Amino acid sequence: MEIQQRHPWPVNSEEAKAIQQQLQPEVISEDQLGEVQYVAGVDVGFEEDGAISQAAVAVLSFPDLQLRENAIARRPTTFPYVPGFLSFREVPVVLDALEKISIIPDLILCDGQGIAHPRRFGLACHLGVLTDIPTIGVAKSRFIGDHEQLPENKGNWQPLRDDGEIIGAVVRTRTGVKPVYVSIGHRISLPTAIDYVLRCTSRYRLPETTRWADQLASK
DNA sequence: GCGACAG
DNA sequence: ATCTTGTCGC
């Protein structure tokens with residue numbers, strides 16, 4: 001697929017922050033997705049002490065979750081890991097990988113937060129706005145926000161709040177296992193996002209999409 | 001000032 | 001993120 005260059009990639013956090021504030025208003029938190037036939041997972045791995053970034057995109061059919069297409073992209077890493085600015089480190093190489101895909105996914109599950117971010121513009125939002133594809137943030141750990149204790153059973157969830165505002169949900173994808181942090185990225189509502197995350201998860205804690213991308217990006 | 005801090 | 005195999009337990 002082809003992706004338009006919306007902005008240059010900044011070299012420091014100040015410029016990055018300005019871009020986040022400029023693009024944040026474009027985030028759509030309502031359902032704007034049609035029938036989901038293909039769901040993609042994206043992830044980034046690093047080599048050479050972080051000097052090289054490698055992204056993987058795995059496109060699976062939905063709801064049967066079978067791998068249909070995948071692509072890998074590599075490039076020198078240009079931005080350090082700075083909490084709050086993860087997208088500027090990972091999105092560039094993810095876009096390279098997406099450009100190699102011929103099946104345009106109807107939904108993308110990202111490894112990281114969406115709107116559960118200090119400026120409500122995490123990795124999933126950034127990727128969603130740049131591609132105009134519905135995205136969901138599925139993080140393995142908490143970044144910001146608080147929540148009540150979560151029942152141990154799979155399928156349960158609790159809202160994730162920041163100053164009273166609901167910014168996502170803590171979701172139990174597997175009984176007795178550490179939950180995942182779900183937040184909307186773009187063109188989807190939180191209830192729908194939670195539903196898709198659970199429907200993309202079969203036997204493990206993480207969705208099959210991210211598991212495939214994970215494996216592909218680190219080998 | 002101190003602690004927290006996606007990947 | 002990354003360095004890294006087997007092992008304990010449900």
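Here is how names work: the chains are called A, B, and so on, in the same order as the sequence lines, proteins then strands, and each is numbered from 1. Hydrogens, waters and symmetry mates are skipped; everything else that's a heavy atom, side chains included, is used. Bear in mind the structure is a predicted one, so any value in this text is a computation, not a measurement.
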Can you confirm whether more than 12 heavy atoms, excluding those of [X], are under 6.0 Å from its [atom1] atom?
{"X": "A:K154", "atom1": "NZ", "value": "yes"}
{"X": "A:E48", "atom1": "CD", "value": "no"}
{"X": "A:D49", "atom1": "CG", "value": "no"}

One thing to verify: whether [Y] and [X] come together as a salt bridge, which I'm taking to mean a side-chain N less than 4.0 angstrom from a carboxylate O.
{"X": "A:R120", "Y": "A:D162", "answer": "yes"}
{"X": "A:R187", "Y": "A:D31", "answer": "no"}
{"X": "A:E26", "Y": "A:R6", "answer": "yes"}
{"X": "A:R74", "Y": "A:E47", "answer": "yes"}
{"X": "A:D195", "Y": "A:R199", "answer": "yes"}

If the sugar-phosphate is the primed atoms plus P, OP1 and OP2 and the base is the rest, what is the B/S/- string for nucleotides 1-7 of chain B, using protein heavy atoms under 4.0 Å?
---SBBB
Stem list, DNA chain B (Watson-Crick or G-U pairing under 3.5 Å, at least 3 consecutive pairs)
none
Could you check whether A:H126 and A:H117 have their ring centres less than 6.0 Å apart?
no
Kindly express the pairing pattern of DNA chain C in dot-bracket notation, using | wherever a base pairs with another strand and counting only Watson-Crick or G-U pairs under 3.5 Å.
..........
Candidates A:I101, A:L60, A:V57 - the one meeting side chain to side chain contact (heavy atoms under 4.5 Å, CB included) with A:E69:
A:I101
